[in-house]
Each structure stands twice: as structure tokens, then as C-alpha cells.
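Remarks on the structure that follows.
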There are 2 protein chains.
Amino acid sequence: MKPRSRRGGGRPTIADVAKRAGVGAITVSRALREPQRVSEDLRRQIAAVIDELGYVPDPNARALASVRTDVIGVLVPSLTNNVFAEVVRGIYDGLGDSHLQVQLGNTHYSGLEEERLLRVFLSQRPSALVVSGIDQTPTARKLLEGGGCPVVQIMEIGPDPVDMMIGFSHFEGGRTVTRHLVDRGYRKVGFIGARMDPRSQRRLAGYRAEMKRAGLFDPRLVTTTTMPSSIPLGRELLRDALAKVPALDAVFCNNDDLALGVLFECHCSAIEVPAKMGIAGFNDLDMMSVAFPSLTSVSTPRYEIGRRAVSMLRAAIAGSRPEQPVIDVGFALKPRESTARKI
Amino acid sequence: MKPRSRRGGGRPTIADVAKRAGVGAITVSRALREPQRVSEDLRRQIAAVIDELGYVPDPNARALASVRTDVIGVLVPSLTNNVFAEVVRGIYDGLGDSHLQVQLGNTHYSGLEEERLLRVFLSQRPSALVVSGIDQTPTARKLLEGGGCPVVQIMEIGPDPVDMMIGFSHFEGGRTVTRHLVDRGYRKVGFIGARMDPRSQRRLAGYRAEMKRAGLFDPRLVTTTTMPSSIPLGRELLRDALAKVPALDAVFCNNDDLALGVLFECHCSAIEVPAKMGIAGFNDLDMMSVAFPSLTSVSTPRYEIGRRAVSMLRAAIAGSRPEQPVIDVGFALKPRESTARKI
DNA sequence: GCAATGGATGGTAGCGCTACCATTCATTGC
DNA sequence: GCAATGAATGGTAGCGCTACCATCCATTGC
């Protein structure tokens, strides 16, 4: 007539461990969470019983009884996108031997979905949150500010952090690539962009600023779509761009997938790269350096962003505010054959 | 002197809602979970109060009080890998309007890590589990069998399912590609593989079987590494393969990234494709059809696997065992220019 | 020798929710 | 008219854990 058999599935509980070890439940709890507060004798003894019984603490009971869980919530706009896959990898590696768990959420580039997930995550009282970008909806921002846990916004930096930030300026990134193309003597430099999320928009803004500065801007040089980015789409968009501006002599692609598609389209249409067409991408995925010809891109420290975001959060959880809440990790232009036109 | 202020952060609870609505807590609980058991009047009234107070149920308390949570645990060996990214997308889409949550776990192709995550997941009493492949460790298998929830093994099919399975035969996939290459008149057909997880091994076994059948097998034609797959690695491995067997006239690449790397290496070394070198990949990522020349591959229904795995689980959660616990979704060879040698 | 100190340990009372078992009250059948 | 029925609702007692506040006891200082 054990009452436990009714629910709970009969797994051993902390009380079982305590009884068997001849100690109070709270001591077992402490042995698990703050070992230094329990004498070594007891600690060893408790460990043996835990092992013998196969006891696993129930995270739900733990969460209910405590103010915080060991979960850090991570919201990214996409998991299919290589860029965020790398960020997530950095995040996992950044956890190291901490007991933190990651809870991933995919917002699908939707502010509303981000709000929804934020509510779900916050209802679990996470230790910390990672969100992508700096364009949260006002509601989402309010949720973050009232969440009572450290927050890092990643990928971008801006003037008004919710809490902490780590990323780089996409505007400057776009500007740098564009300047590189102009410096190489390309004149009809197009912009090709897919998805056009806020970061893409800012890269486009950088492109526009630089083209205007050079006196080369023409709105017909810009070809964008809200469709998700892909290699096939790169081919299509180049065809579209050439249909509008046949004299096009270079393209800055919003990301590397598009750039590769553009390269294939050039191969297929026998457009010489870099002589007749300069190509530059963004992010510097590993394929860029091995493509033929190799493709110019902008290397962005995605993995590092993930890793450092977690270490900022771990520090914040431990109670130390960083003296520098906004970190610019920068980016690096990687000029390669695809823009190496003889001047 | 509210005791709640001590912990819990002062969020409204089900008791607050109940009091305000002038009903019992349990009725609020029912209104949320089994609306048809509460009269419409009360339901409406309760909904209004919930809205007014901004009440969000605490999933931890829910989990503690019930036998099961609404979480389905998903274990994949990699998130960076395009293939699993698509599966995960299918899984999310398969959820539809159910209230199920996904908890993702990344095993990094490690059986031990899979065991660890399985323990973490099971400690939360999930509604169902998705695991990748059919090569769980004996311990992992025991955990799955004793987990007391429906389980789907995805990506592969085999003779002895833990519960349900959906996937296809990688052995047959490897065999089919190899036969295609042999049929096109290639004779020194190499195999290039990275990572060499169990599924890659079975594709290799299919290759080997077919090459032996054709009387063409030579162990020196096989070039593998345990390093993770990537496009640059494809270039390297082709160089290695050519160093061993200069007469190599085709390669079956374990996956599409390698195939693309091989294509670039051919471009770079001016090896004509498909005349001097046939190239085939595996999975048919969207870049394959738009590469130049377009690349032969084997299309695998990754998205569909994710989607259908979830619908099998939803059915199982609802109590209906499928009459067909093992589903072979098959695959489809996509012959393209990279193997279109004139015979 | 004895109070003051501080580290180790334990008891109690929830955390917010739901399973289980009442209870209530209108409806039905005879 | 009255017991039997069943739908709607509520009360109580946990789920397994930890925060909070004792309590205990060895050590220290005078």
C-alpha cells in the first residue's frame, strides 16, 4: 500500500536515498548541490547509496522547489542555417563542465514566435537567456527585462542592450565588402539578398551607404527576396539581376549560399569569374575557400560568439557583472580569387 | 506576509485564478486540459480571469503532479549536419497544433553521450522519444525499453525495433549508387567517406557488395576518415584517393558535402567531369541539382521522416499502435550530369 | 569551566499542480 | 414520489525537492 506506487512510476526518490543512508533528505540534497557543506564521510556514503539505487534527481521537483532551474534558453531564428548551427555549437562547447542545460527554441525569423517561446521559456524560470539579434518586439523586450535573469543578445551589437550583447556591426560588414569590390575596379556592383531579416537589411544599408559614397548607387542594382536563402536561389537571383542590369560586373551576396549559387550560374553561363563578374559572400563558411575559383567572403566569428555568450552568462549567473556589457567581436574580409580582377 | 513572496517570484498561480473566478482550483485545471468537462459558462469566465491575470501554468508543477509531461525528446547526432537539420524541421512541422514541446539533444555521434542524454530526458518523463539510428548501446536500449513511452528510431530500418522505426536501407542506397556508376561504364569506382558513423558504414557495405558482384572491388579504392564531413575534406580525400589509385575514374561520396568538394578539386585540377571522373553523392541536398555540372545523388526523405515520426508518436500517445511499426520510406537515385558519361 | 562561535545536520513547510475520491444536484425510470 | 444515475464541481493529499529555521556538538577564548 505504498502511496508512491500510485504515481511517479516508482523511481527512487531523495527520501529513499536518505533512509537507506541513514541521513536526512536535506543532507542528500546538499551532498548533490553543495558537496563542500557535507562531511566527506557522509558524502561518500550517500554517493554509494545513490549509485546502488540508481537515483536520479527529478528536475521538475527541483525546479518547483527552487527559484531557478539550471536551464539556459537559447532562441535562434533558424537551425538549418549554417550560421546559427555554428553559434549553437559554440554555446554547447561553452557550457564545459557546468551543470547547465540548453533549451533550444527556433523562432523561424518571426517576432511573434519569439514572444511565444520567450513566454514558454520564462515559465520555466531559466538561469539565463540567449536571444538572436537586437530587433525584439516591444513585448518581447518587456518579457526579457522582467525575466529576472541575465540575457545576452547575440550576432549584432547596438546602442541599447537589454542586458549584455555580443556580435558585430552588419552595417560595417556590408560596407567593407562593398568598398573592397569598388576598390577592385568593379563599377556595376549589385546586391543580392534573400530572407532579408534585420541583419541582412543592415548589410544592405552598408552596401547602399558605400555605393552612394562612391557615386555608384543605383536602386536597380539591388535584387532581394524574402524567400529563405539557398544555393539554388543564388542562381535565380543572379539571372534576375542580370535581366535588370546586363552590365552588372560584380555582386555582393547577402550570404555564402547565394554566392555559391551565383558562382554556379556564372559557370553555367560561361561568365568569367573574376574577370567579367566579381563575387563576394558573407560569413565565410568553409566551402568558400575551397570553391573554384575560391570565393571572397567576410569571416564572422560565429562559434566564438556562442562560446563567449555562454561564458558571459555563466559569469553573470555567478554574480559578476561584466565591466563591458557590449562586446564587438568584429569580422574579417577574406579577399580571394572571385574578386581578384587584374586592375 | 504572503508566504508566496518568499519564492516563486509572485507569478499568479492556479489558486489565484480559481479564487478570482469563484471556482475550485481543480476546475481551472480542467478548463485548461479537458475543456469539455467544464460547463461553457465557467469555461468562459475562467478564460477571462486567466487573461486578466496573465496566468501561465507552471510546467514544472504540472510535470511533478502528473505522470507525463508534454515533452517529446529528440536525440540527433548533429545539428550542424544539413540532414538532421531537415529532420528536425520535419519534426517541428509534424507537431502541428498539438501542445507538445520538443526537447532537442545532440549526441555528437557518441553512444555514451546518447546514454547520458537519454537519462536526462527520461528523468523528465517525456511523452515520447525520437532517437537516430539503430545502433544504440545495450544500456541505451535498456533505458529506451524501460522508459515507458513510445519510441521511434529514425533514419534507418532494421530487424529489431525498440518500438517503432522509420527510415530506409543505407546498404541498398550505397548499392544503388554503385550500380549506377558501374552501369555508366566506370570501372575504377572509388568510395570516399568521412565520419563513418554506422549509416556511412552500411553505405560502404552496399558499395562493397556491389563492387564485388561486378568483380571490380579493390580495397585500395576505399578512402575514409573519421573526421567530420565537410566540403574542404572532399577535396583532400579525392587527392588522397588519386594518390593511391591514379586511374580512379569515379567516386561515390558518402555524402553531398564531400561530393561538392570533389567537384571543386576536379575543377581545380582540370579533371573533366563526367568524362574523366564520375561523381555521385548521397542525400541530394538542394545544391546538387544546381551545381555545375549538376551532381548525381540519392534523394532521401529526411523532412518526411521527421514529420511522419512525430505523427506515429502522436498516434501512439493517443493509444493507437500502428499495424506497421517499421516503415521503409525508401530513397531515389537522381542521375545527373556528373555521371552522364557517354558510353 | 563555561559562554560564545561556527560548522554539520535535520525538521517542517511549502513550491503549483493534478489524481483520486467525494459531493452536489438535476434528471431519469418505474 | 423516490431511489438510481450521471454530469459538474470541489476538497484533500500528495508529486519530489529545497528554503528556511532550528538544533546539535565540537572547538575556541578567556
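So you know, we letter chains A, B, ... as the sequences are listed, proteins then strands, and number each from 1.
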**Student check: side-chain heavy atoms of B:Pro325 and B:Asp163 closer than 4.5 Å** = no
**Request:** Check every atom of C:dC15, C:dT9, D:dT18 against the side chain of A:Thr27 and return the nucleotide holding the closest atom.
**Result:** C:dT9
**Request:** Taking only the side-chain heavy atoms of A:Ser39 (C-beta and beyond), determine which of D:dG16, C:dA19, C:dT9 contains the nearest atom.
**Result:** C:dT9
**Message:** Need to verify one output field. Residue with the more 5' nearest nucleotide on DNA chain C, A:Gln36 or A:Ala61?
**Reply:** A:Gln36
**Prompt:** Can you check the A:Leu42 CG to C:dG10 P distance for me, whole Å?
**Reply:** 7 Å
**Nearest-neighbour nucleotide for the A:Ser66 side chain, D:dG10, D:dA19, C:dC17 considered** = D:dA19
**Message:** Please evaluate residues B:Ser29 and B:Arg33 with respect to the criterion side-chain hydrogen bond (donor to acceptor under 3.5 Å, both in side chains), reporting the C-alpha separation (whole Å), side-chain torsions for both, the decisive distance (0.1 Å), and the verdict.
**Reply:** CA-CA 6 Å; B:Ser29 175; B:Arg33 291 173 304 129; 2.9 Å; yes
**Prompt:** For D:dT18, does OP1 or OP2 lie under 4.0 Å from any side-chain N or O of A:Arg33?
**Reply:** yes
**Request:** To the nearest Å, give me how far apart CD (A:Gln124) and P (D:dC17) are.
**Result:** 18 Å
**Request:** Report the residue from B:Ile72, B:Leu144, B:Val74 that forms a side chain to side chain contact (heavy atoms under 4.5 Å, CB included) with B:Leu129.
**Result:** B:Leu144
**Message:** For C:dA8 and A:Arg37 - does any side-chain N or O of the residue sit under 4.0 Å from the phosphate oxygens OP1/OP2?
**Reply:** no
**Message:** Measuring only between side-chain heavy atoms, which start at C-beta, is B:Gln153 closer than 4.5 Å to B:Gln136?
**Reply:** yes
**Asked** Between atom CD1 in A:Ile14 and atom C1' in D:dT18, what is the gap in whole Å?
**Response** 8 Å
**Fill in**
Axis-to-axis angle for the helix from C:dG1-D:dC30 to C:dC30-D:dG1, ends of five pairs each, to 10°, equals 30°
**Request:** Let me know the distance between CD1 of B:Ile46 and P of D:dT9, rounded to the nearest Å.
**Result:** 8 Å
**Asked** Do B:Thr137 and B:Glu114 have side-chain N/O donor and acceptor atoms under 3.5 Å apart?
**Response** no
**Request:** Find the distance A:Arg68:CZ to D:dT18:C1' and express it as a whole number of Å.
**Result:** 15 Å
**Prompt:** Once you round it to whole Å, what is the distance between P of C:dT9 and CD1 of A:Ile26?
**Reply:** 12 Å
**Message:** Among C:dG10, D:dG16, D:dG10, which nucleotide has an atom closest to any side-chain atom of B:Arg30?
**Reply:** D:dG10
**Request:** Measure from the side-chain heavy atoms of A:Asp58 and tell me the nearest of D:dC17, C:dG16, C:dT18.
**Result:** D:dC17
**Asked** What is the distance from CZ of B:Arg62 to C1' of C:dA19, rounded to the nearest Å?
**Response** 14 Å
**Message:** In the structure I gave you, are the side-chain heavy atoms of B:Pro301 and B:Glu86 within less than 4.5 Å of one another anywhere?
**Reply:** no
**Request:** Not counting sequence neighbours, list each pair that qualifies as a side-chain hydrogen bond (donor to acceptor under 3.5 Å, both in side chains) and has a residue in residues 71-84 of chain B.
**Result:** B:Asn81-B:Tyr109
**Asked** Can you tell me how far P of C:dC17 sits from CG of B:Leu64, to the nearest Å?
**Response** 12 Å
